[in-house]
Amino acid sequence: MILTFPDKTKREFPSGVTPAEVAAIIGQGLKKVALAAKVNGRLVDLDTPIQSDADIKIITYEDDEGKEIFWHSTAHIMASAILHLYPKAKLAIGPAIPNDFSARFYYDIDLPQPLTEDDLGAIEAEMSKIIAKDLPFKRLEIPIEKAIKKFNDEGDIYKAEMVSEFESETVSLYTHGDFIDMCRGPHIPSTGKVKAFKLLSVAGSYWRGDENKKMLWRIYGVSFPEKKMLKEHLEKLEQAKLCDHRILGKALDLFSINDDIGPGLVLWHPKGAIVRNIIENFWREEHLKNGYELVYSPHIAKINLWHKSGHLDFYRDSMFDPMPVEGQQYQLKPMNCPFHIYIYKNKKRSYRDLPFRWAELGTVYRFERSGVLHGLSRVRGFTQDDAHVFCRPDQLEDELLKLLDFNLFFLKAFGFNEYETHLSTQPEKYVGSQEIWDKATEALKMALRKKELEYKMDPGAGVFYGPKIDVHIKDAFGRAWQCTTIQVDFNLPEKFGITYTGEDGSEHQTVMVHRALLGSIERFFGVLVEHYAGNFPVWLAPVQVKILLVVDEVNDYADRIADMFVSSGVRVEVDKRNQKIGYKIREAETLKIPYMLIVGKKEASEGKVSVRKHRIGDIGLTDPRSILAELLQKIKTRSID
RNA sequence: GCCGGAGUAGCUCAGCUGGUAGAGCAGCUGAUUCGUAAUCAGCAGGUAGUGGGUUCAAAUCCCAUCUCCGGCUCCA
């Protein structure tokens with residue numbers, strides 16, 4: 001029989017050969033790192049005999065599939081360790097999670113007693129024993145009926161529930177040592193392949209992700225084929241932790257959230273507020289340059305507005321309670337769109353006037369459940385960089401194309417060059433006709449195609465009034481954050497009766513596009529802080545230049561330099577404290593100030609400054625005017641280095 | 001909202017099985033005028049998240065509550 005390898009080479013093997021044997025024949029090195037195989041596109045265990053001609057690929061940790069198999073097998077090892085220590089534990093599910101930033105696998109377990117992170121050490125120790133024994137993973141298949149009986153008899157209610165929903169005749173089980181678990185497989189050949197692992201955390205999680213079902217214990221972990229990789233991974237996690245915007249926000253004095261004020265409500269300190277102002281000013285200028293007009297709307301309005309829009313039906317639980325005002329109910333606004341709709345409705349609109357592009361940095365309030373609040377990324381009061389485009393159906397596509405361009409321009413300006421684009425379609429609960437939905441979805445698809453943007457379908461993830469394109473940006477750590485959302489809406493225009501007078505003299509329904517590019521200014525700011533690790537590029541840095549005095553004799557000279565920079569619009573601070581220069585430098589470095597100008601007698605007498613760049617160090621004596629020019633150039637071009 | 005963990009000075013943290021709260025940094029005062037990541041000395045700073053309870057005695061044990069952290073669920 002002939003096996004064909006990925007490089008198209010063919011080799012003859014006896015029928016019934018296993019991938020493990022094939023790997024060994026190719027080389028002992030490959031045999032050692034082989035984890036599974038792909039035979040005719042199907043992943044199988046290394047000991048699965050191959051009976052006839054096939055395409056074969058030996059899967060190692062280098063392959064994405066190999067990684068998942070490796071991590072998933074570690075989850076099995078963890079589960080077996082847990083059963084050793086807690087015989088009453090019932091297993092639920094334990095997948096690999098390749099897209100998670102910190103963990104690589106988890107297992108959900110039902111346990112009668114609480115589990116804390118202190119218990120992880122014991123589980124790790126037990127896992128080490130199982131790994132040391134280098135137990136082989138073995139596959140067996142049994143008829144579904146038998147499996148159901150087995151799980152029921154053993155009280156394995158979660159496995160029993162899952163297997164009872166399978167439609168196949170048989171189900172596969174995997175064992176290693178005394179452990180047995182239902183699993184599609186494949187698995188690594190033996191437990192000894194796991195050379196390094198760590199259990200990271202314990203958390204609650206609902207069975208099947210349903211908050212009405214029982215809460216199970218979820219243990220997250222990571223594993224690797226080499227010790228070095230674990231070390232690197234843990235260092236990366238450590239690094240990310242130090243870049244956490246909640247930590248940097250405190251260290252750099254950017255913002256705070258205070259109990260006395262309320263959870264999820266942000267106080268922007270001067271240093272954070274200046275960055276926000278720069279972002280917002282940039283945003284406004286660019287919107288004006290790109291055919292938008294700026295509007296403002298109130299923070300509260302009669303609740304009927306949300307009744308009419310339909311938001312109340314869908315999001316009542318996430319809205320703050322209404323407040324009575326002179327016998328009427330008023331609502332703290334959870335979004336801006338109804339206001340913009342009423343600006344539109346303020347007078348009759350002609351087809352000649354469309355499109356209108358109305359933008360607002362609109363602060364909205366949403367009642368987020370207490371457990372979900374998180375720094376700046378999940379808050380109860382936040383500012384959307386919102387806009388609504390009102391256009392004719394024939395203008396829609398062009399507007400969407402413009403929007404996609406405009407969006408990428410913004411994301412690039414802030415240093416985000418990697419994105420994931422999602423197209424979210426009709427959810428289960430929605431308003432409007434199928435025809436309208438299809439039309440809206442088609443318009444979004446068409447725009448994505450014309451821009452040649454790759455996108456993933458996200459079925460059912462649209463908004464109740466329309467489908468949307470979401471853009472997730474990737475930060476410096478490779479984590480994805482949802483920022484941009486672009487939503488086509490034929491439904492609210494219908495509900496609010498917004499129309500334009502056409503060329504033919506009759507009224508036509510207007511099309512609306514809702515969009516936020518940065519999303520929430522709060523969250524975007526948090527992402528930026530982490531992306532830059534607090535090292536803001538010059539144009540955004542709260543303090544761009546710090547002038548550090550060596551001796552106080554040069555006070556007047558330092559003031560003159562400072563004035564020169566300030567009058568050019570540069571944000572400067574002067575450190576005149578009676579401290580050693582090393583102390584001042586250390587502090588300025590800690591505060592991540594991009595430019596330090598050191599001024600002593602030497603500089604004053606020569607009319608120069610010593611420049612020290614953050615994270616780079618001393619770059620020597622320079623004419624202050626040349627460094628000012630360099631700064632102004634960077635600010636003007638919004639240079640990100 | 002749910003599960004678990006945690007809340008001690010402005011910040012970072014220490015404080016054994018209950019015995020009356022401590023360090024570094026920051027702050028203030030003074031000395032020092034100093035050249036590329038921390039000068040020295042002194043002073044001040046806490047009703048231990050909050051409210052109850054147990055006890056001769058509570059930061060420490062118990063209950064409630066608030067907030068935060070890790071997740072789950074949710075996210076117009």
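Note on naming: letters A, B, ... go to the chains in the order of the sequence lines (proteins, then strands), and numbering restarts at 1 for each one. The structure displayed is predicted, hence computed values, not measured ones.
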Say you pick atom [atom1] in [N] and the same atom in [M]; how far apart are they, in whole Å?
N	M	atom1	value
B/C28	B/U65	P	42 Å
B/A76	B/A37	C1'	48 Å
B/C63	B/G4	P	13 Å
B/A14	B/A31	C1'	32 Å
B/C3	B/C56	P	35 Å
B/C62	B/A58	C1'	11 Å
B/U60	B/C2	P	25 Å
B/G53	B/A57	C1'	15 Å

Contiguous pairing runs of three or more, Watson-Crick or G-U under 3.5 Å, that involve RNA chain B: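 Output for stems: B:1-7 with B:66-72, B:10-13 with B:22-25, B:27-31 with B:39-43, B:49-53 with B:61-65.
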
Short side-chain donor-acceptor distance under 3.5 Å, [Y] and [X]:
X	Y	value
A/Y86	A/Q113	no
A/E603	A/S605	no
A/S424	A/H422	no
A/R218	A/Y220	yes
A/K333	A/S297	yes

Please work out whether the ring planes of A/F390 and A/H388 are parallel, tilted or perpendicular, with thresholds of 30° and 60°.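 Taking A/H388 first and then A/F390, their aromatic rings sit tilted (interplane angle of 30° to 60°).
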
How are the rings of A/Y158 and A/W207 set to each other: parallel, tilted or perpendicular (split at 30° and 60°)?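 Plane angle over 60°, so perpendicular.
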
For [X], answer base if it contacts any base atom (sugar-phosphate contacts may also be present), sugar-phosphate if it contacts only those atoms, and nothing otherwise; contact means non-hydrogen atoms under 4.0 Å.
X	result
A/S610	base
A/E603	base
A/L115	sugar-phosphate
A/I581	sugar-phosphate
A/G582	sugar-phosphate

To the nearest Å, how far apart are [X] [atom1] and [N] [atom2]?
X	N	atom1	atom2	answer
A/D552	B/G35	CG	C1'	14 Å
A/I593	B/U36	CD1	P	19 Å
A/D575	B/C34	CG	P	17 Å
A/I219	B/G5	CD1	P	14 Å
A/R586	B/A38	CZ	C1'	5 Å
A/L120	B/G5	CG	P	13 Å
A/Y583	B/A38	OH	C1'	7 Å
A/R615	B/A37	CZ	P	16 Å

Write down the protein N/O and nucleotide N/O pairs, taken from nucleotides 48-52 of chain B, whose separation is under 3.5 Å; answer none if there are no such pairs.
none

Any donor-acceptor N/O pair, A/E124 side chain to A/L199 backbone, under 3.5 Å: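 Looks like yes, one N/O pair under 3.5 Å.
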
Give a yes or no answer on whether the side chain of A/W306 reaches the backbone of A/Y315 with a donor-acceptor pair at less than 3.5 Å.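 Side chain of A/W306 to backbone of A/Y315: no pair is present.
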
Would you say a side-chain N or O of [X] is under 4.0 Å from OP1 or OP2 of [N]?
X	N	result
A/Q579	B/A38	no
A/K580	B/U36	no
A/S370	B/G1	yes

Among B/G1, B/G35, B/U33, find the nucleotide with the atom closest to the side chain of A/V551.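 Closest of the options to the side chain of A/V551: B/U33.
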
Determine whether the aromatic ring centres of residues [Y] and [X] are separated by less than 6.0 angstrom.
X	Y	result
A/F416	A/W481	no
A/Y430	A/F464	no
A/H514	A/Y465	yes

Ignoring hydrogens and angles, write down the donor-acceptor pairs under 3.5 Å from the side chains of residues 253-269 of chain A, residues two or more places apart or on other chains.
residue : atom : partner : partner atom : Å
A/S256  : OG   : A/H269  : NE2          : 3.2
A/N258  : OD1  : A/D260  : N            : 2.7

Considering only heavy atoms, which members of residues 250-259 of chain A lie under 4.0 Å from some atom of RNA chain B?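 Only A/K250, A/D259 qualify.
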
Using the salt bridge (charged side-chain N to carboxylate O under 4.0 Å, His left out) definition, which of the options A/K546, A/K613, A/R615, A/R612 pairs with A/E589?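 Among A/K546, A/K613, A/R615, A/R612, the one that satisfies the salt bridge (charged side-chain N to carboxylate O under 4.0 Å, His left out) with A/E589 is A/R612.
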
Looking at A/R523, A/R479, A/K241, A/K474, which one forms a salt bridge (charged side-chain N to carboxylate O under 4.0 Å, His left out) with A/E530?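 Exactly one pass, corresponding to A/R479.
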
Qualifying residues under salt bridge (Lys or Arg N to Asp or Glu O under 4.0 Å), relative to A/D119, sequence neighbours excluded: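 In terms of salt bridge (Lys or Arg N to Asp or Glu O under 4.0 Å), with neighbours along the sequence ignored, A/D119 is linked to no residue.
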
Using a 4.0 Å heavy-atom cut-off, write out nucleotides 69-76 of chain B from 5' to 3' as B (base contacted by protein), S (sugar-phosphate only) or - (no contact). SBBBBBBB

